[in-house]
Colleague: 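Dropping a structure here in structure tokens format, bear with me for questions.
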Amino acid sequence: MIFSLLCIIISLIAIILYLEVKKPKNYPPGPLWLPIVGCLFQFKKLKEKFGYQHLAWQELYNRYGEVVGTKLGRKYVVVVFGEEAVAQILTREEFEGRPNGFIFRMRTFGRRLGLVFSEGDFWKKQRKFSIQRLKKFGYGGKQMIEKVEEETSYLMEAFMKKCADPILMHDAFDVSVINVLWTMIAGERFDLEDAKLKELMGIIHDAFRMLDMSGGLLNQIPLLRYLAPRSSGYRQIMKVMQGLWNFLEDTVKDHKNNFSTDNPKDLIEAFLQEMNTHNDDTFSDEQLIASCLDLLMAGSETTSNTLSFAVVYMLENPEVMRRVQLEQDKVVGRNRCPSLQDSVRLPYTNAVLKEVQRIANIPPVGIAHRAVRDAELFGYTIPEDTIVLTSLYSVHMDPKTWKDPHVFRPERFLGEEGKTIRERAFLPFGYGKRQCLGISLAKANYFLFFTSLLHRFNLEKTPGELQPDINGYDGITLSPKPFKVKLVPR
Ligand code: HEM
């Protein structure tokens, strides 16, 4: 009797283990995996070897090709590389979903809320609402341009006051970048030295460094939050999220106490108006906080890092900086500040910013997608609910598209060479229906902050101080390590 029971238990365990390690039929090639942990150990080893998540993925691309099938923890994760495969994911409806794992819901009160990790009709309605209302409060139009110009002048004045000493540059644009966005969301701006906001931005930077687009260990084995709350990172992530929730809850509370439904002045008021006047349960207090959280997180870190990396590349390539300044001196002159209208007449400056985005790969992997049903890709089967990651790095660094991809060469975006660049070969904002919602704000921000900085100052390295490094910190976005710059007024 005991023997038979033992046999049954052993057979059951063997079946479970077999099912755990068995790959789905026609799954894309990739490393072998273990029960429960999947390929986690191989991935961790590759990350340690190459220093960055996206380079660990790139190694798997070199081994297995443009569609790589893995399992992280108990989740199927497919990673795609190169222009063709990435375009398929970004444009096909079967891949329009977002993952629904523990870590993706944890940010938004355990539910699928917000703009970035929601999907289906809920996401379509909420995305449309946010875009329409943001436009009403100036997004993409004259009001936004005026706001960016105003913030630029505050920032340049602040630099002017501080420029006797070397300035920390890795986070110098944080508050100014937030201010333009925050005026449309919450109707207010922050002082550039606002301690609370600086702390908040520190929290956002931490969050981006802690998380990983596949969801990370906690997503793959959520039980770890109880078994190892500290070493799994759970406690730290919760602390970071708590800081953000508190800030947003206070902001919404203030709005509730002081707003009139007739004439909303910002996105939060428009949302509250919608909640009061329509009986639509997709508009809830939690969704309001989640949307603000998404806009704040998606909009600040990316733009701020782009600007700081642009400064790093100027310090590493002073001849490029001189050429940007020469172009500006010719087009803008020395008697007025650059404006967004100058953009069309500054092709070299625009090429430099594009080259920074290409080579710095600030989001090296796009935001995770999800297969909403079984789908075919390059002859392989991607099972429903698989997390699909797009390596934007592989697109931007493909030697077949970009000659000498590791060389910083803005000229590749100009003249005949520039004309031959295919739209899908340069994707800093993604592509398709889930393309970045903030492109026009991001472009306006980094164009004007960058041109104004070089119009007003020469940038110099500061021997003996923290030096710029083109290799940033790893995370959901790559972020520059702290470095100092001497700003010399021109
Ligand atoms: C240089 C700055 C920026 C970069 C490089 C960037 C990049 C991206 C990328 C790669 C995606 C993912 C696309 C995909 O899923 O395939 C994305 C999505 C998103 N971005 Fe941005 N972004 C930037 C600025 C902004 C700003 C300023 C905002 C806010 C106004 C913003 C809001 C969003 C949102 C809400 C999404 C999710 C869209 C959705 O899932 O429907 N981003 N961004």
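Counting starts at 1 for both ligands and their atoms, following the listed order.
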Colleague: Relative to each other, are the rings of Y27 and Y76 parallel, tilted or perpendicular (30° and 60° limits)?
Modeller: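 Because their plane-to-plane angle lies in the 30° to 60° range, the rings of Y27 and Y76 count as tilted.
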Colleague: How does L181 reach ligand 1, if at all, at less than 4.0 Å between non-hydrogen atoms: by side chain, backbone, both, or neither?
Modeller: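 It is the side chain that gets close, since no backbone atom is under 4.0 Å.
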Colleague: Check whether W123 forms a cation-pi arrangement with R434 (NZ or CZ under 6.0 Å from the six-membered ring centre, at most 45° off the ring normal).
Modeller: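 Output yes; distance and angle both within limits.
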Colleague: Can you tell me if H369 has a non-hydrogen atom under 4.0 Å from ligand 1?
Modeller: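 Distance cut 4.0 Å: H369 passes for ligand 1.
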Colleague: Could you pull out, from L296, L437, I131, the option with a heavy atom nearest to atom 35 (C) of ligand 1?
Modeller: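 Nearest option to atom 35 (C) of ligand 1, by heavy atoms: L437.
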Colleague: Decide whether a cation-pi geometry holds between R189 and Y154; the criteria are a distance under 6.0 Å from NZ or CZ to the six-membered ring centre and an angle within 45° of the ring axis.
Modeller: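 Cation-pi check for R189 and Y154: passes.
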Colleague: Examine ligand 1 and decide if any of its atoms is less than 4.0 Å from a heavy atom belonging to P428.
Modeller: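 Right, P428 reaches ligand 1.
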Colleague: Looking at V365, N361, N305, T306, which one forms a side-chain contact (heavy atoms from CB on, under 4.5 Å) with T477?
Modeller: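 Option passing the side-chain contact (heavy atoms from CB on, under 4.5 Å) with T477: N305.
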Colleague: Can you find an N or O of R434 that's nearer than 3.5 Å to an N or O of ligand 1?
Modeller: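 It does: an N or O of R434 is found under 3.5 Å from an N or O of ligand 1.
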Colleague: Determine the interplanar angle of the F449 and F173 rings, folded into 0 to 90°, and report it as parallel if under 30°, tilted if 30 to 60°, perpendicular if over 60°.
Modeller: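 F449 and F173: tilted rings.
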Colleague: Return the CD to OG distance between E149 and S339, rounded to the nearest 0.5 Å.
Modeller: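 One gets 5.5 Å once the value is rounded to the nearest 0.5 Å.
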Colleague: Does any N or O atom in R98 lie less than 3.5 angstrom from one in ligand 1, N or O only?
Modeller: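 Yes, since at least one N or O of R98 sits under 3.5 Å from an N or O of ligand 1.
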Colleague: For ligand 1, is L115 a contact, meaning one of its heavy atoms is under 4.0 Å away?
Modeller: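 Yes.
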Colleague: Would you please determine whether K433 falls within less than 4.0 Å of ligand 1 on a heavy-atom basis?
Modeller: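 No, K433 has no heavy atoms under 4.0 Å from ligand 1.
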Colleague: Can you confirm, on distance only, whether ligand 1 has an N/O atom lying under 3.5 Å from any N/O atom belonging to W123?
Modeller: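 Indeed, backbone or side chain, W123 has an N or O that close.
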Colleague: Using a heavy-atom cut-off of under 4.0 Å, does the side chain or the backbone of T306 touch ligand 1, or both, or neither?
Modeller: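 It is the side chain that gets close, since no backbone atom is under 4.0 Å.
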